[in-house]
Structures are given as C-alpha cells and as structure tokens.
2 protein chains.
Amino acid sequence: MQSQNISDIIEKYLKSILADAEHVEIRRSEIADLFNVVPSQINYVIKTRFTIQNGYLVESKRGGGGYIRIEKVNLLDDADVLDTLIQVIGDSITQRDAYAVVQSLYEDGVLNRREAQLILVATDRNTLGVDDHDLENSLRARIIIGILNHLRYES
Amino acid sequence: MQSQNISDIIEKYLKSILADAEHVEIRRSEIADLFNVVPSQINYVIKTRFTIQNGYLVESKRGGGGYIRIEKVNLLDDADVLDTLIQVIGDSITQRDAYAVVQSLYEDGVLNRREAQLILVATDRNTLGVDDHDLENSLRARIIIGILNHLRYES
DNA sequence: ATAATGAAAGTCAATATTAGTCAAAGATTA
DNA sequence: TAATCTTTGACTAATATTGACTTTCATTAT
C-alpha cells in the first residue's frame, strides 16, 4: 500500500544503499532505466528528497563518464551546527524542508521524538492557517530559528 | 437502525477495517467509486467522523500515488482537560495568557520543562514577529491549540 | 592546439494525477 | 418551519511525470 509512486520507490532504493555505504554514485540514465522513468525524474527525486535539509550532499558531473553522487552528511558533526542550520533555513522554509530539518535534529539526538513532534505541529501548514504562503513560510522559519537559538542556550 | 445514509455506511466501512488494522490507507477516488459518491464526500465523512476528538489521526498526500491515511490513536486521560483549555483559548490568546496556560500544563505534569520552554519560544511575540497584534494573538492560539490537540494522544 | 562530436547531466515548463475547499442545493430531524 | 446534516460539483492546491531544450565535459578528428 505504501509508496505507490515511483519517486518514493527510487528514494527508498537510494536510501537503502546509503544505509550500508558512505555514499551512492549512480549513472542517471541507468537508474532511470532500472525504474522505467525518464532521466530527469531522477533529478526530481534528488531535488525533493535529498536536500541539504535532509542531510544529503549531492555532486555530479556531466559529459562522458558523468555521474551523480549522493552523500549522507552529519549536519551536527561540527560545533556550530545550529548556525549552519539557521543559515540553511534563512528567512523562509517550506513545510517539507522543515520536516527534513526537524528529522535531522531528531536523528542526531538534538531533539527527542516528542519535541520533534511538537515543533512539527507548531509549524504545520494547517496549524498556522494563514493563506499567504510567503507569510506562512517566513513564520515557520522564525519559529524554528527561535527554537534553535533557544536550544543553544540550553545545552 | 435509523438513517443509513451513505456517509454513515462509509464511516462503518472504514471503521470495520480499523477494527483489525492499525490504520487504513485509501485512494479517495476508489472509495468514492465503491460507494458511488463524489470524491469530496470522503472528505466530509472524514471531517465529521474521524476527528482527533474521536481518536483518529488523518494524513494525506496529493499527486501521483496520493492517499488518505486514517489512524486510530490512544487518547490519554488528560484529553478532556485539554479540551477545556482549547475552549478557553478560543481563536486568540495573548502572550501573558499563553504563559499561564503553559505554566499550568507544566505544573500538571503534562509538559516537562523543556517542552514548556519550546512552546513559549515558538509563541513568543518576537519569534512570531508580526506587527498586527490580532494576527499575533490568533497565531499563538492556533499554535497552542495545535499542540494541545497533539498532546491528546500518545505517538 | 583546436574544432567537432558525442555522451552525459541540468533546467524548466507542460501535463497528469491526485486530494482539499467551499458554498449551494437537497434531505432529514426537532 | 427552522435548524442541522448530507450530497454535489466547480474550483483550487499539491505532487508527480514527461520531454524538449540546454549545458558541461571527454574524446576524437583536423
């Protein structure tokens, strides 16, 4: 029942490789063939599911012998993680990216499950309930950054 | 057995699945077809019969491979206390009153210190940073109510 | 060296595929 | 009869898929 769309399946496939390895390196057309989609769909999957907010770094090369390489990075490795995250968020963030950020913080133990849920609820589209999207995204950014800044003084 | 309208029948159908399973995941148009109703009637059924007050959590996704997923959750004992608070808050709350609400939840052991702090930061005037006071107060109300609704069940 | 060629990946907008909203019309109940 | 609940459908929004066109890079030919 789960993940009926191909993008989700490709995402899972790539993540299953990343579960065992430091990074994946693919040939775009090969993966596209494997799942019977057009090559640009691979870009779509990467763009929507392997963002820096999700903790992934992507690099690629065109031309002969080209590739796409996805690496899982630990955003919390270096001392000023919070600064990094705050920069990444900027003054606006979509719900999807916010989910990714909070997920990363949870995976890295900065937040426990309950706290992560609270933040997601507080920044949920329906919770905020504003019709202006720019306002919604900027509110979400302010709330998350406010919380991140608070976490800094707590620990 | 009064009034077996279609909404009731659809409700029973979904609940019968939930009797055996953790959750139901449907394709809206399929269920609509199955019962010969327009798709939006499924939304009506969900909105009127699968509320969080009744212990149901609903999530969905649009686009290819989209779905609606209904999950039955365990309501906690605090549920009616939270209901009362939600009523009191209504659609607007000042920062001062919000502080009092969060404080009492902390004293009642519903929230720990860290969680209480998170909520206060998220709803702080400076965090929200909107000029319009009415908007600020209504946003604060929405955020706190969203969180209270989340606290009704265990995740 | 330089130019031409081909083999990748990137971009972007059109289209397709779902679900959500809202208000009007109809039905039922108090 | 008035109030409430249900049904319907037109319109909106989010997400996914596709393909034409562009850019980059390596290799081969001049």
Side-chain angles (χ1 to χ4, degrees), chain A residues 1-14 24-51 54 57-71 93-100 124-137 140, chain B residues 1-14 24-51 54 56-71:
Chain A
M1 305 306 165
Q2 202 82 320
S3 61
Q4 280 303 280
N5 69 65
I6 305 216
S7 291
D8 284 343
I9 294 171
I10 296 172
E11 172 192 5
K12 289 210 175 84
Y13 171 76
L14 294 174
V24 216
E25 192 168 304
I26 63 170
R27 174 143 312 180
R28 188 179 71 155
S29 57
E30 273 178 13
I31 301 299
D33 280 353
L34 187 56
F35 292 97
N36 259 291
V37 297
V38 296
S40 63
Q41 179 144 10
I42 308 305
N43 297 86
Y44 174 74
V45 171
I46 287 171
K47 198 173 172 190
T48 53
R49 291 148 163 92
F50 293 88
T51 65
N54 275 295
L57 273 185
V58 179
E59 61 176 43
S60 62
K61 199 167 76 168
R62 308 188 191 188
Y67 60 85
I68 299 177
R69 177 194 160 105
I70 306 175
E71 183 184 358
I93 187 171
T94 63
Q95 179 163 347
R96 182 184 230 152
D97 285 343
Y99 185 90
D124 185 89
R125 182 160 41 227
N126 293 313
T127 299
L128 297 177
V130 296
D131 26 341
D132 178 353
H133 264 208
D134 289 343
L135 175 59
E136 176 198 318
N137 289 338
R140 184 178 294 113
Chain B
M1 297 301 95
Q2 53 241 46
S3 81
Q4 280 299 72
N5 62 57
I6 306 229
S7 289
D8 286 341
I9 294 172
I10 296 172
E11 172 191 8
K12 288 208 177 87
Y13 171 75
L14 294 173
V24 215
E25 193 170 302
I26 63 170
R27 175 145 311 179
R28 189 179 71 154
S29 58
E30 273 178 12
I31 301 301
D33 281 352
L34 188 56
F35 292 97
N36 261 291
V37 297
V38 296
S40 63
Q41 179 143 11
I42 308 306
N43 297 88
Y44 174 73
V45 171
I46 286 172
K47 199 171 173 189
T48 53
R49 292 149 162 91
F50 292 87
T51 65
N54 289 317
Y56 296 96
L57 220 50
V58 179
E59 65 173 44
S60 63
K61 196 161 97 169
R62 307 185 194 187
Y67 59 84
I68 299 176
R69 177 193 163 107
I70 307 174
E71 184 183 359

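Just so you know, these numbers use all the heavy atoms, side chains as well, and skip hydrogens, waters and symmetry mates. Naming: A, B, ... by sequence-line order, numbering from 1 per chain.
- Between D/dT7 and B/Ser40, no contact under 4.0 Å exists linking OP1 or OP2 to a side-chain N or O.
- When heavy atoms are screened at a 4.0 angstrom cut-off, A/Tyr44 is found touching base atoms of the nucleic acid.
- More than 12 heavy atoms of other residues, nucleotides or ligands shown are found within 6.0 angstrom of CZ on B/Phe35.
- The base of C/dA8 lies outside donor-acceptor range of the side chain of A/Arg28, with no N or O pair under 3.5 Å.
- Between the OH atom of A/Tyr67 and the C1' atom of D/dC25 there is a distance of 11 Å, given to the nearest Å.
- Looking at heavy-atom distances under 4.0 Å, B/Ile42 makes no contact with the nucleic acid at all.
- Contact annotation: A/His133 reaches the phosphate of D/dA14 (side-chain N/O to OP1 or OP2, under 4.0 Å).
- The shortest distance between the side-chain N/O atoms of A/Arg69 and the OP1/OP2 oxygens of C/dA9 is not below 4.0 Å.
- When the P atom of C/dA8 is taken as reference, atom CD1 of A/Ile68 falls 12 Å away, rounded to whole Å.
- Proximity of a side-chain donor or acceptor of B/Ser40 to a complementary backbone N or O of B/Asn43 within less than 3.5 Å is not detected.
- When the side-chain nitrogen and oxygen atoms of A/Ser29 are compared with OP1 and OP2 of C/dA7, none of them lie within a distance under 4.0 Å.
- Judged by distance alone, the side chain of A/Arg140 and the main-chain N or O of A/Ile93 form a donor-acceptor pair under 3.5 Å.
- Closest approach to the B/Val38 side chain among D/dT6, D/dT17, D/dT8 is made by D/dT8 (side chain taken as heavy atoms from C-beta onward).
- When the nearest nucleotides of DNA chain D are assigned to A/Gly64 and A/Arg49 by heavy-atom distance, the more 5′-ward of the two goes with A/Arg49.
- Shortest non-hydrogen contact noted between B/Val24 and B/Leu14 is CG2-O, 4.1 Å.
- Side-chain atoms of A/Arg62 and base atoms of D/dT23 include a donor and an acceptor less than 3.5 Å apart.
- A straight line from CD1 of A/Ile31 to P of C/dA9 spans 10 Å, rounded to a whole angstrom.
- In this structure, the nucleotide among C/dG10, D/dT8, D/dA14 sitting nearest to the side chain of A/Asn43 is C/dG10.
- Counting only distance, with no hydrogens or angles, the side chain of B/Asn54 and the backbone of B/Tyr56 share no donor-acceptor pair below 3.5 Å.
- For B/Gln4 and D/dT7, the CD to C1' distance is 16 Å, given to the nearest whole Å.
- One finds no side-chain N or O of A/Lys61 lying less than 4.0 angstrom from the OP1 or OP2 phosphate oxygen of C/dA7.
- Rounding to whole angstrom units, CD1 of residue B/Ile6 and P of C/dT28 are separated by 12 Å.
- Here the nucleotide nearest the side chain of A/Arg27, chosen from C/dA9, C/dG20, D/dT6, is C/dA9.
- In terms of phosphate contacts, B/Lys47 brings no side-chain nitrogen or oxygen within less than 4.0 Å of OP1 or OP2 of C/dG20.
- In this structure, A/Asn137 atom CG and D/dA14 atom P are separated by 10 Å, rounded to whole Å.
- Rounded to an integer number of Å, the gap from OH of A/Tyr99 to P of D/dT15 is 13 Å.
- Using a 4.0 Å heavy-atom criterion, one finds that A/Gly66 contacts the sugar-phosphate atoms exclusively.
- As rounded to whole Å, 17 Å separates atom P of C/dA27 from atom CG of B/Asp8.
- The nearest heavy atom of DNA chain C to B/Gly63 and to A/Asn126 marks one nucleotide each, and the one closer to the 5' end goes with B/Gly63.
- Residue A/Tyr67 qualifies as enclosed at atom OH: its count of foreign heavy atoms under 6.0 Å is above 12.
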